[in-house]
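Each chain gets a letter, A, B and so on, in the order its sequence line appears, and its residues count up from 1.
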Protein chains: 4
Amino acid sequence: MIHDCLLTGRSVMKDLTKNKILDVAENHFSKNGYYKTPLDEIVKKSNVSKGGIYFHFPSKENLFLSVMDRLAEKLLSKIQKGNSSIDNPNERLISSLKNLLNILSSQKKLSKLLITQTNNIKSFEKKRSEIFQKFSDVIEKNINESIKINEYPQVNANLLSTIWIGTINEIVFNWIFSNGKPPRDYFEELKFILITLPTTNSREYKNE
Amino acid sequence: MIHDCLLTGRSVMKDLTKNKILDVAENHFSKNGYYKTPLDEIVKKSNVSKGGIYFHFPSKENLFLSVMDRLAEKLLSKIQKGNSSIDNPNERLISSLKNLLNILSSQKKLSKLLITQTNNIKSFEKKRSEIFQKFSDVIEKNINESIKINEYPQVNANLLSTIWIGTINEIVFNWIFSNGKPPRDYFEELKFILITLPTTNSREYKNE
Amino acid sequence: MIHDCLLTGRSVMKDLTKNKILDVAENHFSKNGYYKTPLDEIVKKSNVSKGGIYFHFPSKENLFLSVMDRLAEKLLSKIQKGNSSIDNPNERLISSLKNLLNILSSQKKLSKLLITQTNNIKSFEKKRSEIFQKFSDVIEKNINESIKINEYPQVNANLLSTIWIGTINEIVFNWIFSNGKPPRDYFEELKFILITLPTTNSREYKNE
Amino acid sequence: MIHDCLLTGRSVMKDLTKNKILDVAENHFSKNGYYKTPLDEIVKKSNVSKGGIYFHFPSKENLFLSVMDRLAEKLLSKIQKGNSSIDNPNERLISSLKNLLNILSSQKKLSKLLITQTNNIKSFEKKRSEIFQKFSDVIEKNINESIKINEYPQVNANLLSTIWIGTINEIVFNWIFSNGKPPRDYFEELKFILITLPTTNSREYKNE
DNA sequence: AATGAATGAGACTTCATTCAT
DNA sequence: GATGAATGAAGTCTCATTCAT
């Protein structure tokens, strides 16, 4: 028997199929992109029939969106878990940067999926915005807390988080498409530019 | 006869047709994306037959790449023209930022084209990298010159230009897809964060 | 327990489910037609599972046929009930016409179902013929009795009943698809053309 | 060469393909119905590629409608041609009946197409109405002229033409689906019931 | 009796590309 | 140089039916 609990067995089974589909879809979408991944490919690799996929997802588009959602949740929870034990906001900011870079570095394909699949499909663009906004929110919150305790100069935290996200995005892009270094290799330098430099500066301000 | 010189006349005619195709293609690709723009749409709007398009461009993919190329050239020359008369490297850096933001703000569709059309097509990704690299190079060069004359702290200019590009990219993205403000509205704040803050800081360093 | 008699209880339950299915099926088939009514629709609206439907009906086709059968029976019994108390054959003929028109007028959807669902499916065509034949038989019988008592001229009663049926069919069609008047509005004029006119004429003949 | 005129050659060629498609479609639709005729069947039998069909017709539905249109035109022109040389309205009425019955008798498949393909598709129902209305109009006009010259009693010509159409429709139906006699076999009896009987009667009226 | 997840054949449609003219 | 009718592979999606539970 696959499961030891008869009561929840059914929903476990259901989730088994659904997750198998999501796994295969995630893999193929991130490797080949939305348009270059025919449903038949997912059918073949998942051993779930076409009808089975459409039983769980109303359309290919919805399947893609579900993949994005699951992925974003996974990444977000990893980042937040990494931060949960850190008290100092500035340390937390540094930790967020490190985690984000590490996680993305370890999942090249998923990074690609997250970053490049917009395809002029409204729902994709909306989803991308949604997800990036969530990452941005985490960072903005940390920046604001750093500002509050005077670790960071008075800047527009929202814009700054946009800078962070855009920067990381671009680094991932270069890594994937221009043989750039993996994101994690930029940690020290990014820390210097994005945190040390302004922070030091803010101390200078205070010293005046 | 429309033209008096048969020799150049022909190529002028050719260029006329070719540019008409490129104009219409640019418009549709940027509005609807690569996959959502059937060649038939370009045929209809350009009044050039399908065979005509295939005479000038070997494939739809090549047409798209040509649109990207032409566009990048246009934007780059605008930026460089704006900088040509400025002597001070730091001023030039500021001017670059301003120009970049202004130009992108005035061409929402083209911004979109430049930013979102990668589509997991190798050649597109390569082209996107190429173009962004050119923008990045301009900025990197200016940063390096600023560093040389001690206007800017000793940072990895290449990484910093990546930050610039990523930031602008993200701002454009938010503008297009999340009803964010147009890029130009961020000029002052970006100038403060990306230039004033590090620059001031570098002066502080020097003052110590 | 819902019922106290296990023996009949079971079949009552069964009939309850079966009739619920038939009700929902009748409604959807008549509204949207055979091909535009997926079984899933009936599942959703009847709260009977797919397996449940297949327990009661071997196929969608059979379900449709059952709907037709039940419907025809309903209509026929209504017509015959209306005629049962009338002695004079000619009066009965008139009453049949009136009833038929009234019943169809009050059930637009069912009329549609009866009239348009042939769909090139052999079994459907056979069923439609069967049903129309039953209606035709009722009318033919009445005509023949009218002829027998010299109320009606000597015509081919079978053909005449076909004329009746075809006429009513066409009137219903126009009502449903061309915003024609409801069948009942034609009663007086139809009575004149189909009964009075020939009847009067037959009297003339006799009077000669 | 297929055609002797180079100038019109192109449009002749175009029509050749289009008509080939229509011919094959007419044949299959009338034999098997709309839903039981996959486009692939038409592709196979017409030797025109799927794309070719979609070049000439925007959808399967539109193709079907075009078949209906062409067919209706063909039949109508045959009927009107048959009537063109007859002066007396009553004779023309009789001729219309005869022609209609004959034409339908000789084209069982097309009759079926015309009569049974409604399928709960709005556009089909509209087209069916349109076509039947045209037939009805021809008959109504003739009836009205017969009434004018006192050959026919004062009845609602519009309703009477509906009776005619419905009758013929029903006879065709019985012929196709219940092994009834072909329409033409009913000519004499229909003439008696639909024309002679009322006409004679109208004379009686006048004689009074 | 009843459930509903899963199947898979088959439907319609799209569209980059070709080629005779 | 240019046309546009024609191709055909490939795509997404539907839905009657099955079967383990």
Expressed in angstrom and rounded to an integer, what is the separation of [X] atom [atom1] from [N] atom [atom2]?
X       : N       : atom1 : atom2 : answer
F57(D)  : dA6(F)  : CZ    : C1'   : 14 Å
D15(A)  : dA5(E)  : CG    : C1'   : 13 Å
I121(B) : dA16(E) : CD1   : C1'   : 12 Å
F55(B)  : dA20(E) : CZ    : C1'   : 17 Å
K18(A)  : dG4(E)  : NZ    : P     : 16 Å
H56(B)  : dT3(F)  : NE2   : C1'   : 13 Å
N19(A)  : dA5(E)  : CG    : C1'   : 15 Å
K60(D)  : dG10(E) : NZ    : C1'   : 11 Å

* Taking only residues at least two apart or on different chains, which pairs with a member in residues 42-65 of chain A satisfy salt bridge (Lys or Arg N to Asp or Glu O under 4.0 Å)? ->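 Qualifying pairs, neighbours excluded: D40(A)-K50(A), E41(A)-K45(A).
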* To do: Decide side chain to side chain contact (heavy atoms under 4.5 Å, CB included) for Y35(C) and I121(D); before the verdict, give the C-alpha distance in whole Å, the side-chain angles of both, and the deciding distance to 0.1 Å.
  => CA-CA 10 Å; Y35(C) 281 111; I121(D) 297 179; over 6 Å; no
* **Closest-nucleotide ordering on DNA chain E, the 5'-leading residue of Y35(B) and Y34(D)** =>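 Between the two, 5'-proximity favours Y34(D).
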* Asked: Going from NZ on K31(D) to NZ on K36(D), what distance comes out if it is rounded to the nearest 0.5 angstrom?
  ->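 The NZ atom of K31(D) sits 14.0 Å away from the NZ atom of K36(D).
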* Working to the nearest 0.5 Å, report the span between CG of L65(B) and OH of Y34(B). =>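 Answer for the CG-OH pair, L65(B) versus Y34(B), is 8.5 Å.
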* **Face-on cation placement of K18(B) at F57(B) ring, 6.0 Å and 45° thresholds** =>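 Yes, K18(B) lies over the aromatic ring of F57(B).
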* To do: Output yes when K127(D) and E130(D) qualify as a salt bridge under the 4.0 Å nitrogen-oxygen rule, no when they do not.
  =>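 Judged by the 4.0 Å cut-off on N to carboxylate O distance, K127(D) and E130(D) do form a salt bridge.
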* Stepwise side chain to side chain contact (heavy atoms under 4.5 Å, CB included) test for V43(C) and V24(C) -> CA-CA 9 Å; V43(C) 166; V24(C) 173; over 6 Å; no
* Using Watson-Crick and G-U wobble pairs whose two distances are both under 3.5 Å, how do you write the pairing of DNA chain F as dot-bracket, with | for links to another strand? -> .||||||||||||||||||||
* Asked: Would you say L22(B) and H56(B) make side-chain contact, with heavy atoms under 4.5 Å?
  ->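 No, too far: nothing below the 4.5 Å cut-off.
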* Step by step, work out the side chain to side chain contact (heavy atoms under 4.5 Å, CB included) result for M68(B) and F64(B). => CA-CA 6 Å; M68(B) 293 278 274; F64(B) 183 81; 3.7 Å; yes
* Does any residue of residues 38-54 of chain C have a heavy atom under 4.0 Å from DNA chain F, and if so, which ones, in number order? ->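 Output list: P38(C), L39(C), K50(C), Y54(C).
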* Respond yes when some side-chain nitrogen or oxygen of T17(C) is under 4.0 Å from OP1 or OP2 of dA1(E), and no when none is. =>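 No, T17(C) has no side-chain N/O under 4.0 Å of OP1/OP2 on dA1(E).
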